[in-house]
Amino acid sequence: MMFRVICPNSTSRTTRLSFQGVIVCGWALLSLGCGAGPQAEFKYREATDDLISDAERSVKSTLKDSFGTPNELVAWERFPINYGGIKGAVASAAGDKAVIVTLEGESEKIRNKTPILWLTGSVAGDKTPLVTVAGFNAETKQLTLAGVSELPNAGDRFVVGFGEDLQLGRHVYMKNCMHCHGVSGDGDGPTGQFLNPRPRDYRNGQFKFTATKSGEKATRDDLHRIVKYGIPGTYMPSFLLLGERETKVVVEYVRWLAIRGEFEKRLVAELSSDYSETSIADSVRKAEAAYAEKKKNKEEAEKPLSANKVAKAAASEFAKYSKEDLPAAIEETANLLTDAWTRAEEPDTVIVPSIHRVDDTAESRERGRLLYMSDKTKCYTCHGMTGRGDGAATEDFWPKPGTTEKFANRGLHDEWGNQLKPRNLTLGQYRGGRRPIDLFRRMYAGIKGTPMPAFGGTALKDNEIWDLVNFVMSLPYSSRQPSPAAGGNMAKLDEKPAH
Amino acid sequence: MGRFWALFFIVTAVITFVVSWISPSMGWWFPTDGVAVFGMAQSTLGRKIDDLFYLILWIVSVTFVATNVALGYALWRGATIKPEEKVWFSHGSHSLEVIWTIVPSVILLFIALYQLDVWAAYRVRGFIKDSDGKPKQIVAVAEVTARQFEWRIRYPARGKTLKPIPQADDIYTVNELHVPTGDLVSITLRTDDVQHAFFVPELRVKQDAVPGKLIPVWFDTLVTKDYEMLCAELCGWGHYKMKAKLVAQSTEDFEAWKDKVSEEQFDDGYRKPAE
């Protein structure tokens, strides 16, 4: 595992990040005096705070070692994040303190005093002192080094200014996004609580409007589009004028926050059934209840352990677990996230219709209408007989996911626990984009984290989805051009669109 | 002590005058960039508005200088008066009162009448003429909806006219208003939530967007370039985010851009599988 501390204007520092006997270290560079301003902190989940103290400490230190703090970011290299920096390799030596290099990408941007990270060769490793750029000639590709004790050999690979993109992403995020989405990306920034719908909590690693198949993560393009064009009907505004590089790096930072959040969530989920205060209190209560029951029936029973003893037992059990199983659990979680976010960028993950959009004719819309009203899709149960998002499902009380307990309010809820209205399809307002392909993808893969199901590949064929898209896209205008074939309730689509 | 205050007020007036006089050459002036004359509006109407502004600036400059000279003289004279000299009281002078009532009234009346033409051009009628002398038609290019905190814009499809209610082939953009350079274009301004104001400083166009109202705003652009488009009414915590771009481009480019956006907007995502 490789962690790199990213921080500007810093002196060299070498640390070994050790974790419960397993050495999970990397080069640590650069700390000291990162940025001014108020100290920002990553918040932990309630479930993390609920763990027994050893487990809590262990999870928190893992997070801190792997992701750092907002002011001292740590790049965990295995994740598919573009941390930034210019990669290159040494071509030949040129004097005492200079080398001729070959660089990937633009080379004229190298500033003096930028730290250099050696990836291979004898100078690589966490024991070598910090080397910085003392000068760079873009024409001769001569890189002059400062702080170098031993010249690198030809072929050694390096990164100049590793982590610059993530840092800039953090900067852009703190300026534009943090006050709604929060420092940790938990959707709980200072203004977040006043908004409806609530800002996205990235920590589930889930985004609603994606081009990817059901169950897959969001692509960079998806996030890029959302940052650029905003989400109409919500408080997510358009950041069109942010600049291409800023948009790119802030997307990278959001992906990083999402990975950090989901890593914490999954790791804690692994532990909390055995090592949380709540689960221990539960088991004690259950044991005592069982004991009381047996006593009442005058059966023979052993007195259950006291809460104190159970807690002590759990602590010692955790000590064993953390030595034997925890590193594997961390490894597994990290692998899972790496795979998921890598897969999201693969072309096969993106939904591409197998056929062109079916011609938007009255017949196609009518076929779409029949599908809308059919029991195959059950669109009408949520979006309503008239498409206004007032289906019968909005009147029911629904159970919380994974439990039998019901939500306090009527209507549908998303996985973040927010009450959710099915979209009013007559308004012509499309949160995930108004291109036909956007609607196609919404129906194909559903809206992630919401009750909107995925129809693609299984329930509906691509041509059927296109019929539905044609029908749905006609709804905002159908009061003026009523479909002659439309009968029943759907003929009553007479509401004027808002705009 | 009297002399100190006399000098203080004289020097203050002189500094104010000098700073105001040099400010255009220092760049402390109206926003523009890339034009020959610094601070010049980039729209026909904007230049007329500037003319009015300069007229009023001249009137107040003359008034400012005259009153400050009088003030300086009075203070200095009062501070240096000899004990045996007799003081002249102006209080209650009928002729002075008549003068300072009639002169400003005439000036104000003149400004009120003189600006009517510009006001009419801004709010009531078109104002630029074609090369053959006929007044140019106002072209409705888009509906601009302000909301917290962005501008959402709806254009009619190429070759169609803007309808008050959305049409299936309308084109949508956000934070980017495109207009053809040189045409007298109008937008329908509305707001989804609170009060906003549509403001393009370089064109001198500013209009509040009022909830429940559709407000037409028309203007022309003289130069093909990107202009800053802002919200000029404190509309909430994200007011500063409502910065957008007004892109003035040639009619051909404008139509071509419409085609491009329309094609993207009606993209069905189908791509021929690679062989």
Side-chain angles (χ1 to χ4, degrees), chain A residues 175-177 179-180 190-191 194-195 211 225 228-242 347 350-360 427-430 433-441 444 462 465-466 469-470 473-481 496-499, chain B residues 142-154 162-177 188-193 212 214 226-231 235-247 261-274:
Chain A
K175 214 168 152 188
N176 296 292
C177 320
H179 59 84
C180 291
T191 40
F194 303 108
L195 306 182
R225 273 188 82 80
K228 252 174 113 171
Y229 301 116
I231 305 178
T234 75
Y235 281 94
M236 175 72 191
S238 151
F239 289 94
L240 192 71
L241 302 190
L242 199 55
V350 173
I351 300 163
V352 179
S354 61
I355 49 165
H356 268 299
R357 179 181 177 184
V358 172
D359 284 341
D360 186 15
L427 295 178
Q429 202 175 48
Y430 306 101
R434 60 165 59 247
R435 297 176 302 172
I437 181 62
D438 292 325
L439 275 79
F440 183 93
R441 284 169 176 160
Y444 192 98
D462 282 9
I465 297 183
W466 278 129
V469 169
N470 286 340
M473 284 183 82
S474 75
L475 285 177
Y477 315 104
S478 57
S479 63
R480 278 164 279 146
Q481 294 149 338
K496 282 216 175 98
H499 52 87
Chain B
E143 180 189 74
V144 176
T145 306
R147 62 186 290 265
Q148 285 172 325
F149 298 97
E150 63 189 0
W151 304 91
R152 293 216 162 252
I153 300 154
R154 177 173 69 88
L162 183 68
K163 295 271 166 52
I165 30 176
Q167 305 296 308
D169 54 0
D170 280 345
I171 299 168
Y172 294 83
T173 62
V174 56
N175 281 358
E176 204 176 283
L177 174 61
T188 308
L189 186 61
R190 36 167 296 170
T191 162
D192 257 1
D193 34 50
L214 301 178
D226 293 358
Y227 298 92
E228 224 171 35
M229 185 174 126
L230 310 162
C231 177
C235 56
W237 57 265
H239 171 57
Y240 68 96
K241 285 186 180 174
M242 288 190 69
K243 191 175 154 188
K245 193 159 77 167
L246 187 146
V247 181
V261 176
S262 175
E263 195 181 309
E264 277 166 20
Q265 190 179 306
F266 291 99
D267 181 14
D268 68 359
Y270 175 78
R271 303 285 180 268
K272 243 195 180 146

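Naming convention: chains lettered A, B, ... in sequence-line order (proteins, then strands); numbering from 1 in each chain. Bear in mind the structure is a predicted one, so any value in this text is a computation, not a measurement.
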Does A/N176 have any side chain to side chain donor-acceptor pair (under 3.5 Å) partners at least two apart in sequence or in another chain, and if so, which?
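A/N176: no side chain to side chain donor-acceptor pair (under 3.5 Å) contacts found.
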May I ask you to establish whether A/R357 and B/Y270 are in a cation-pi arrangement, using a distance under 6.0 Å from NZ or CZ to the six-membered ring centre and at most 45° from the ring axis?
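The answer is no; the distance or angle limit is not met.
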When A/Y229 is tested against each of B/T173, B/V174, B/N175 for side-chain contact (heavy atoms from CB on, under 4.5 Å), which residue passes?
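Result for side-chain contact (heavy atoms from CB on, under 4.5 Å) with A/Y229: B/V174.
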Listed partners of B/F266 passing ring-ring contact (aromatic ring centres under 6.0 Å, His included), at least two apart:
none
Tell me if the CD atom of B/E263 is crowded by more than 12 foreign heavy atoms within 6.0 Å.
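For B/E263, atom CD is not crowded (no more than 12 foreign heavy atoms under 6.0 Å).
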Any chance CZ of B/F149 has more than 12 other-residue heavy atoms, nucleotides or ligands included, within less than 6.0 Å?
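Enclosed: over 12 neighbouring heavy atoms sit under 6.0 Å from CZ of B/F149.
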May I ask you to name which of A/R435, A/K228, A/M473 has the most heavy-atom pairs under 4.5 Å with chain B?
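It is A/R435.
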Just give me the residue among A/I355, A/V350, A/D438 that pairs up with chain B most often, heavy atom to heavy atom, under 4.5 Å.
A/I355
Please look at [X] and chain B and tell me whether the side chain, the backbone, both or neither of the residue comes under 4.5 angstrom of a heavy atom of that chain.
| X | value |
| --- | --- |
| A/F440 | neither |
| A/S354 | backbone |
| A/I351 | neither |

Closest contact, heavy atoms only, [X] versus [Y]:
| X | Y | value |
| --- | --- | --- |
| B/E150 | A/S238 | OE1-N, 2.7 Å |
| B/E176 | A/L240 | OE1-CD2, 3.3 Å |
| A/I231 | B/R147 | O-NH1, 4.3 Å |
| A/P237 | B/K241 | CG-CD, 4.3 Å |
| A/P353 | B/G269 | CD-O, 3.6 Å |

From CD (A/Q429) to CG (B/D192), nearest 0.5 Å
7.0 Å
Portion of B/K245 that has a non-hydrogen atom of chain A nearer than 4.5 angstrom:
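B/K245 touches chain A through backbone and side-chain heavy atoms alike.
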